[in-house]
Visitor: 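Encoded as structure tokens, here's the structure I'll be asking about.
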2 protein chains.
Amino acid sequence: MNISAASKAAGLPVKTVRYYADIGLVEATSRTEAGYRTYDEASVRKLAFIRRSRQFGFSIEECRELLGLYEDRDRSSSEVKRIAAKRLTEIEAKQRELQSLHDELAHLVKACRGDTRPDCPIIDYLG
Amino acid sequence: MNISAASKAAGLPVKTVRYYADIGLVEATSRTEAGYRTYDEASVRKLAFIRRSRQFGFSIEECRELLGLYEDRDRSSSEVKRIAAKRLTEIEAKQRELQSLHDELAHLVKACRGDTRPDCPIIDYLG
DNA sequence: CCGGACCTTCCAGTTGCGGTAAGGTCTAGC
DNA sequence: GCTAGACCTTACCGCAACTGGAAGGTCCGG
């Protein structure tokens, strides 16, 4: 499979697949004589694994760890759970942050008349 | 006021104050003969305005617009409201995204025993 | 007059790619 | 056999919004 076939199969842009190879996350299975990257099914599975991990917001380095665990038949699920739980607390922290931003901003937007006059509670709050 | 006094008064790192000057967001009020930036109260107020705007997640370019409106005695509050409402919908979109990520990930983390065995619903889901 | 705490500019690095250029390769059709 | 165009390669720039660090100038207390 050349890189464009692999990228389609994994659901990632070609550029991203090449980038992942460059940083040693998922290397090409081999190269043709002309230097073209080739990918097999196993590599495509790894790429798709990374894609799904990234959708959860795991960083590239976390994806690297997760991929290592994915490939490790002797893994402890506690390792996986630790990484996922960490991400979960990050998400929850972000949710709390967004919630308070949302409440404040929604309040201000609601209080602003939004007409041609300059009076504005949003500006008042920021200034 | 030199830059460190201004940065303390505005609640921003010196580096950031310098950066804002570089990009023409809030320039120093003047320079000493030696080339040191000096800030007056009005500039510090602008810096603090930017700091609070940034806390709401407004981009630098949005902050530039908001600062322009802050400074404009003839502004229409509708302009301010438009920018804030846009940010609000972004926040809401992000909240929905995080909510679904949270629900999925929380479910998986809960289902993972987190012991020394390799069986793991999180890995199963990603793989 | 000296040490240290300021200040200056400029350059590099961060994250995770996307865009684009310059050039090699492969393949279908004539 | 040749050519057009669709691939592929590496390499470098750019993004957002800074942060850190190097090299060098300035200012102030003792």
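Below, chains carry the letters A, B, ... as their sequence lines are ordered, and counting in each starts from 1. Computed from a predicted model, the values in this text were never measured in an experiment.
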Visitor: Can you measure B:Met1 atom CE to C:dC7 atom P for me and round it to whole angstrom units?
Guide: 13 Å

Visitor: What string of B, S and - do you get for nucleotides 13-18 of chain D, 5' to 3', when a contact is any protein heavy atom under 4.0 Å?
Guide: ----BB

Visitor: Rounded to the Å, how far apart are A:Leu12 CG and C:dC17 P?
Guide: 8 Å

Visitor: Give the residues of residues 26-48 of chain B touching DNA chain D, defined as any heavy atom closer than 4.0 Å, sorted by residue number.
Guide: B:Ala34, B:Tyr36

Visitor: Between P on C:dC17 and CG on A:Leu25, what's the gap in Å once rounded to a whole number?
Guide: 9 Å

Visitor: Under 4.0 Å, counting only non-hydrogen atoms across every strand here, what does B:Ile23 touch: a base, just sugar-phosphate, or nothing?
Guide: nothing

Visitor: Do B:Leu126 and A:Tyr70 come close enough that some side-chain heavy atom pair is under 4.5 Å?
Guide: no

Visitor: D:dT10 C1' sits how many Å from A:Arg18 CZ, rounded?
Guide: 9 Å

Visitor: Just by distance, with hydrogens left out, do A:Asp40 and A:Ser43 show a side-chain donor and acceptor under 3.5 Å apart?
Guide: yes

Visitor: Quick one: are A:Glu27 and A:Arg37 in side-chain contact, heavy atoms under 4.5 Å?
Guide: no

Visitor: Heavy atoms, side chains only, cut-off 4.5 Å: are A:Gln99 and A:Arg96 in contact?
Guide: no

Visitor: Roughly, in whole Å, what's the span from CD1 in A:Ile50 to C1' in C:dG16?
Guide: 13 Å

Visitor: When rounded to the nearest 0.5 angstrom, what distance separates OG in B:Ser53 from CD in B:Glu65?
Guide: 11.5 Å

Visitor: Do A:Thr38 and A:Ser30 meet the criterion of a side-chain donor-acceptor pair at a distance under 3.5 Å?
Guide: yes

Visitor: Output the rounded distance in Å from CG (A:Asp22) to P (C:dC17).
Guide: 12 Å

Visitor: OP1, OP2 of D:dC7 versus side-chain N and O of A:Asn2: anything below 4.0 Å?
Guide: no

Visitor: Angle between the two end axes of the helix from C:dC1-D:dG30 to C:dC30-D:dG1, five base pairs per end, rounded to 10 degrees?
Guide: 20°

Visitor: Send over the distance from A:Lys8 NZ to D:dC8 C1', rounded to a whole Å.
Guide: 13 Å

Visitor: Please state how far atom CZ in A:Arg64 lies from atom C1' in C:dT15, giving the value in whole angstrom units.
Guide: 13 Å

Visitor: Distance check, rounded to the nearest 0.5 Å: A:Tyr36 atom OH versus A:Ser4 atom OG?
Guide: 10.5 Å

Visitor: Which pair of non-hydrogen atoms, one from A:Leu69 and one from A:Arg75, has the smallest distance, and what is that distance?
Guide: O-NH1, 3.0 Å

Visitor: So which of B:Arg54, B:Lys86, B:Arg87 actually passes side-chain hydrogen bond (donor to acceptor under 3.5 Å, both in side chains) with B:Glu62?
Guide: B:Lys86

Visitor: Check each of A:Leu108, A:Ile122, A:Val109 against B:Val80 using the side-chain contact (heavy atoms from CB on, under 4.5 Å) test, and report the only one that passes.
Guide: A:Ile122

Visitor: Hey, what do you get for CD (B:Glu90) to CG (A:Leu101), rounding to the nearest 0.5 Å?
Guide: 12.0 Å

